[in-house]
Amino acid sequence: MKKLLCFFLVVALVVIMGFSGELQFLEKSQERATILKQWEVELTKAMEKLNIPGMAEGIIYKDEVIYKNAFGVKDLTSKEPVDIETVFQIGSTTKAFTSALTAIFVDEGIINWRDLVVIFILSFV
């Protein structure tokens with residue numbers, strides 16, 4: 001199950017990167033609605049393909065939550081639906097998220113692999 005979850009998270013990241021070119025249109029509500037509908041279709045397809053019973057998804061753009069939704073069920077036996085408040089056991093996958101985000105920042109020139117973490121901590125104090 002952990003391997004499947006990790007695989008799905010990587011797939012989700014790839015899907016997000018595929019949609020990143022579309023994000024420039026998110027200011028306009030009509031384009032936003034169209035893109036978010038496409039996003040839901042892709043998420044639903046991924047859930048079916050990877051046999052994922054349920055998940056919650058959110059998109060934050062320019063400090064605003066522009067999308068949040070829940071899909072599927074928490075448990076295949078009880079069929080209790082997932083909602084926005086569902087807490088998932090994601091284990092150590094946050095490490096992969098942090099690594100991927102760091103790599104994106106390095107690629108965009110925002111940070112460097114050799115930067116000291118203390119520099120960023122002190123900038124928030």
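- Between the CG atom of Leu43 and the CD atom of Glu57 there is a distance of 5.0 Å, given to the nearest 0.5 Å.
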Using the rule given for side chain to side chain contact (heavy atoms under 4.5 Å, CB included), can you reason through Gln38 versus Ile35, listing the C-alpha separation, both sets of side-chain angles and the distance that settles it, and then say yes or no?
CA-CA 5 Å; Gln38 289 175 316; Ile35 291 168; 4.2 Å; yes
Checking Ile66 against Ile60 for the side chain to side chain contact (heavy atoms under 4.5 Å, CB included) test, could you report, in this order, the C-alpha distance in whole Å, the side-chain angles of both residues, the deciding distance, and whether it holds?
CA-CA 6 Å; Ile66 62 166; Ile60 300 170; over 6 Å; no
Test log, rule side chain to side chain contact (heavy atoms under 4.5 Å, CB included), inputs Glu80 and Asp75:
CA-CA 6 Å; Glu80 183 181 358; Asp75 184 282; 5.8 Å; no
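- Taking each heavy atom of Ala56 and Asp83 in turn, the nearest pair found is CB-O, 4.3 Å.
- With values rounded to the nearest 0.5 angstrom, Trp39 atom CH2 is found 11.0 Å from Thr44 atom OG1.
- Taking CD1 of Ile119 as the reference point, atom CG of Asn112 lies at 10.0 Å (rounded to 0.5 Å).
- Linking ILVMFWY side-chain heavy atoms closer than 4.5 Å, directly or via other members, places Leu101 and Ile110 in a single hydrophobic cluster.
- We find the CZ-CE distance between Phe88 and Met55 to be 9.0 Å, quoted to the nearest 0.5 Å.
- Remark: Lys49 NZ to Glu42 CD distance equals 10.5 Å, nearest 0.5 Å.
- Using a distance-only test at 3.5 Å, with no hydrogens or angles considered, no donor-acceptor pair links the side chain of Thr86 to the main chain of Val82.
- Linking ILVMFWY residues whenever their side-chain heavy atoms come closer than 4.5 Å, directly or via other members, leaves Tyr61 and Val65 in distinct clusters.
- In this structure, Lys37 contributes its side chain and Thr34 its backbone to no donor-acceptor pair below 3.5 Å.
- Residues Ile52 and Phe71 fail the side-chain proximity criterion, which asks for heavy atoms closer than 4.5 Å.
- Rounded to the nearest 0.5 angstrom, Ile59 CD1 and Arg32 CZ are separated by 9.5 Å.
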